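First comes the structure, then the notes that go with it.
The structure presented is a predicted model; accordingly, all values stated were derived computationally and were not measured.
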Amino acid sequence: MRAAIALALLSYVAIVTSAPAESVYTNKFDNFDVDKVLNNERILTNYIKCLMDEGSCTNEGRELKSK
């Protein structure tokens, strides 16, 4: 049983590490100011409404929903 779990875990690690880097991480939102959103009630409410399909979305909100 332990051998099967270890084999499955090693297989998962091998698949994840062999994936192309651009499909794993994008630097598109490296400059996105999360603190600004969390500290501004109006902006935060707009993102929440976007995620719950109750309001319009910004480009960042649409990208967040697609993940």
Contacts of Glu41 meeting side chain to side chain contact (heavy atoms under 4.5 Å, CB included) (sequence neighbours excluded), chain-then-number -> Thr45
Going by the salt bridge (Lys or Arg N to Asp or Glu O under 4.0 Å) test, which pairs reach into residues 44-55, not counting sequence neighbours? Asp53-Lys65
How would you list, by chain and number, every residue that makes a side chain to side chain contact (heavy atoms under 4.5 Å, CB included) with Asp35, sequence neighbours excluded? Asp33, Asn39
First locate atom CD1 of Ile48, then atom CD1 of Ile43, and finally report the distance between them rounded to the nearest 0.5 Å. 12.0 Å
Between Gly61 and Cys57, which heavy-atom pair has the shortest distance, and what is it? C-CB, 4.4 Å
Shortest non-hydrogen contact between Val37 and Leu44, atoms and distance: O-CB, 3.5 Å
